[in-house]
Amino acid sequence: MHEKIKTLAEALLAEHLDLFADCFLLGVKYKDRPIVGPRIEVFIDGDTGINIDQCARLNRKLQFVFDENPTAWFGEKYALDVSSPGVGQPLQLYRQYPRNIGRIVKLTLKDGMIVEGNLSAVTEETLTIAREISYKDAKKKKTIRETVEVLISFDSVETTVVVIGF
């Protein structure tokens, strides 16, 4: 059922480009709940962000299809939620990275190392993270701060989370 919902959501996004011009599907969660009906969560994002109207429109389009032929889906009882991934959720696709250039990110690498810094550039193969380092100048007895750029291969990244500052 999970793949069937995913395929439908992707088709609706592609079919209605006037409403979802730069939107893309991040994922679907499906939890079967025998008594109250399944819970479906659909996560979307956009190259320039996503707004509540786009989430509501996709929700209505999905509901229309589900309600039009309930026996082909999961019956009349279900809970559906369409939303953006939310603050603190890891970036999942390359398409999410360019929009976050200039923001602080926390990378967990596959070897367990954690790198935090300003996402300053992105290519399809690498991320560039600008980090501030400081050290003591022994002669002048003062702290020197420098920004260094670290080039990290996408292949070595386990997760990337945008750090929200308050």
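Values in this document were obtained by computation on a predicted structure and should not be read as measured data.
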State whether the number of non-hydrogen atoms from other residues, nucleotides or ligands found under 6.0 Å of I52 atom CD1 is greater than 12.
no

Interatomic distance, CG@L91 vs OG1@T160, rounded to 0.5 Å, equals 5.5 Å

Side chains of residues 23-37: which donor-acceptor partners sit under 3.5 Å, not counting sequence neighbours?
from	atom 1	to	atom 2	distance (Å)
R33	NE	G37	O	2.9
R33	NH2	G37	O	3.4

S156 and S153: CA distance, side-chain angles, deciding distance, side chain to side chain donor-acceptor pair (under 3.5 Å) verdict
CA-CA 6 Å; S156 66; S153 166; 4.7 Å; no

Any side-chain heavy-atom pair of F154 and V122 under 4.5 Å
yes

Any donor and acceptor pair, going by atom type alone, linking the side chain of Q54 with main-chain N or O of N51 inside 3.5 Å?
yes

Quick check: closest heavy atoms across A121 and I101, and the distance to 0.1 Å?
CA-CD1, 4.3 Å

Report yes or no: do V82 and M1 belong to one cluster of Ile/Leu/Val/Met/Phe/Trp/Tyr joined by side chain heavy-atom distances under 4.5 Å?
yes

Intermediate values then yes/no, side-chain contact (heavy atoms from CB on, under 4.5 Å), R131 and V150
CA-CA 7 Å; R131 299 185 60 189; V150 180; 4.1 Å; yes

Would you say the side-chain atoms of S120 pair up with the backbone N or O of T128, donor to acceptor, closer than 3.5 Å?
yes

Measuring only between side-chain heavy atoms, which start at C-beta, is R145 closer than 4.5 Å to I133?
no

Side-chain touch I40/F74, heavy atoms, less than 4.5 angstrom:
yes

One pair to check against side-chain contact (heavy atoms from CB on, under 4.5 Å): R39 and Y78. What are the steps and the verdict?
CA-CA 6 Å; R39 174 163 182 73; Y78 63 90; over 6 Å; no

Same cluster or not: are V162 and I50 linked, directly or through other Ile, Leu, Val, Met, Phe, Trp or Tyr residues, by side-chain heavy atoms under 4.5 angstrom apart?
no

Is it true that a side-chain atom of Q89 and a backbone atom of G86 form a donor plus acceptor pair closer than 3.5 Å?
no

Spacing of NE2 belonging to H2 relative to OG1 belonging to T7, to within rounding of 0.5 Å
10.0 Å

Going by side chain to side chain contact (heavy atoms under 4.5 Å, CB included), V42 matches just one of N59, L8, D81, L80. Which one?
L80

P85 versus I44, closest heavy-atom pair with distance:
CD-O, 3.5 Å

Apply side-chain contact (heavy atoms from CB on, under 4.5 Å) to E116 and I104, showing your working.
CA-CA 7 Å; E116 189 169 327; I104 303 298; 3.9 Å; yes

Please lay out, stage by stage, how S84 and D45 fare under the test side chain to side chain donor-acceptor pair (under 3.5 Å).
CA-CA 6 Å; S84 66; D45 205 348; over 6 Å; no

May I ask you to test the V105-Y97 pair for a side-chain heavy-atom distance under 4.5 Å?
no

Less than 4.5 Å apart, side chain to side chain, heavy atoms only: is that true for L109 and I114?
no

Can you check whether V115 reaches I152 side chain to side chain, under 4.5 Å on heavy atoms?
yes

Please assess R103 against L119 for the test side-chain contact (heavy atoms from CB on, under 4.5 Å), listing each intermediate value before the final yes or no.
CA-CA 6 Å; R103 299 179 85 183; L119 180 62; 5.8 Å; no

If I take atom CD from residue E149 and atom CG from residue L127, how far apart are they, to the nearest 0.5 angstrom?
12.0 Å

Just wondering, do I144 and S134 contact through their side chains at under 4.5 Å, heavy atoms?
no

Using the rule that two of Ile, Leu, Val, Met, Phe, Trp, Tyr join whenever any of their side-chain heavy atoms come within less than 4.5 Å, decide whether F66 and L58 are in one cluster.
yes

Would you mind checking if D47 and R99 are paired as a salt bridge, meaning a charged N to carboxylate O distance below 4.0 Å?
no

More than 12 heavy atoms from other groups under 6.0 Å of NZ on K110:
yes

Under 4.5 Å between any side-chain heavy atoms of K61 and L19, yes or no?
yes

Are Y94 and I129 grouped together when hydrophobic residues (ILVMFWY) are joined by side-chain heavy atoms under 4.5 angstrom apart?
yes

Quick check on E132: does its CD atom have over 12 non-hydrogen neighbours (other residues, nucleotides or ligands) under 6.0 Å away?
yes

Does any N or O in the side chain of N100 come within less than 3.5 Å of the main-chain N or O of Q96, such that one atom is a donor and the other an acceptor?
yes

To the nearest 0.5 Å, how far apart are CH2 in W73 and CD in Q63?
13.0 Å

